[in-house]
Amino acid sequence: MPANQLLEGIQGEYERLTKEELTNVGVVLGAYRSFRGDRRSHIAYVGMPITTGKRYFDVLTEHGVKTREELARKLGPKSLWELVIQPNIAQGIAFADRLGETRDLLFIAPSVFEAKQWRWSQDAYMSLWYRVIGEMAGSHFVMDGWEYSVGGVKEVMFSM
């Protein structure tokens, strides 16, 4: 996909948000924007798979299925959460913590932020992080295997 089409897709995600999602994204962005001064040189974003990534494809292959729906039918409705999302979240937080121990930066780990309780769509969730990357993050780190995550690829392209 050409870069200009990818960036149009990012803007399209924002345009698809409901009024409630726009309000909620604005509230969360307001909290991040409360950090004043030279933010960019102190803040880094850590790209990490959450709902997909290499683990997602490994789990699908291991269980002989091709989609998350097939996985749920075969192993139950919580299988994606238990086998992919939860381990991805834990690994992403650990990775961001390790970076924080070795570099004098504040690392934003998107996996820490749980938007499901607000019933955010994937578009709302990603719109928040594109704005955080664009406005605040002076550095962008990625976990190994980021290229297996559609969101990870979009974030890297957006950062570039």
OG of Ser127 to CG of Asn24, rounded to nearest 0.5 Å, is 12.5 Å

Using a 6.0 Å cut-off, check whether atom OH of Tyr148 has over 12 heavy atoms from anything other than its own residue. no

Greater than 12 external heavy atoms within 6.0 Å of Glu135's CD: yes

Give a yes or no answer on whether the side chain of Lys74 reaches the backbone of His63 with a donor-acceptor pair at less than 3.5 Å. yes

Locate the shortest heavy-atom distance separating Ser139 from Phe141; write the atom from each residue and the value. CB-CE1, 3.7 Å

Geometric class of the Trp120/Tyr125 ring pair [parallel <30°, tilted 30-60°, perpendicular >60°]: perpendicular

Hydrophobic cluster identity match, Val150 and Ile89, side-chain contacts under 4.5 Å: no

Pairs in or reaching into residues 78-103: which pass ring-ring contact (aromatic ring centres under 6.0 Å, His included), with residues at least two apart or in two chains? none

Which residues pass the side chain to side chain donor-acceptor pair (under 3.5 Å) test with Glu70, sequence neighbours left out? none

Is there a side-chain contact between Leu75 and Leu83 (heavy atoms, below 4.5 Å)? yes

Judged by atom type as modelled, is there a donor-acceptor pair below 3.5 Å linking the side chain of Asn88 to the main-chain atoms of Met48? no

Any side-chain heavy-atom pair from Lys154 and Tyr130 closer than 4.5 angstrom? yes

Less than 3.5 Å apart, which donor and acceptor atoms pair up between the side chains of residues 102-109 and the rest of the protein, not counting sequence neighbours?
| residue | atom | partner | partner atom | Å |
| --- | --- | --- | --- | --- |
| Thr102 | OG1 | Arg98 | O | 3.4 |
| Thr102 | OG1 | Leu99 | O | 3.2 |

Kindly determine whether Arg68 and Tyr56 satisfy side-chain contact (heavy atoms from CB on, under 4.5 Å), including the steps that lead there. CA-CA 9 Å; Arg68 64 184 66 211; Tyr56 171 74; 4.0 Å; yes

Do Gln91 and Arg55 come within less than 4.5 Å of each other through their side chains, counting heavy atoms only? yes

Is there side-chain contact between Tyr32 and Met136, with heavy atoms separated by less than 4.5 Å? yes

Do Pro49 and Lys54 come within less than 4.5 Å of each other through their side chains, counting heavy atoms only? no

Point-to-point distance, once rounded to the nearest 0.5 Å, from CG of Leu80 to CD of Gln86: 11.0 Å

Nearest 0.5 Å please: distance from the CD1 atom of Ile43 over to the CG atom of Asp38. 9.0 Å

Would Leu22 and Val27 show up in the same hydrophobic cluster when neighbours are defined by side-chain heavy atoms closer than 4.5 Å? no

May I ask you to check whether over 12 heavy atoms, not counting those of Phe113, lie within 6.0 Å of atom CZ? yes

Does Arg39 use its side chain to pair, donor to acceptor, with the backbone of Arg33 at less than 3.5 Å? yes

Check whether any side-chain heavy atom of Ile85 sits under 4.5 Å from a side-chain heavy atom of Ile50, and report yes or no. yes

Got more than 12 heavy atoms from elsewhere within 6.0 Å of CG, Asp58? yes

Note: Ile93 and Ser111 closest approach over all heavy atoms is CG1-OG, 3.5 Å

Please identify which of these residues, Trp129, Tyr45, Trp146, meets the side chain to side chain donor-acceptor pair (under 3.5 Å) condition with Glu155. Tyr45

Looking at side-chain heavy atoms only, is the closest gap between Leu29 and Leu128 below 4.5 Å? yes

Within a 6.0 Å radius of atom CZ on Arg119, are there more than 12 heavy atoms belonging to other residues, nucleotides or ligands? no

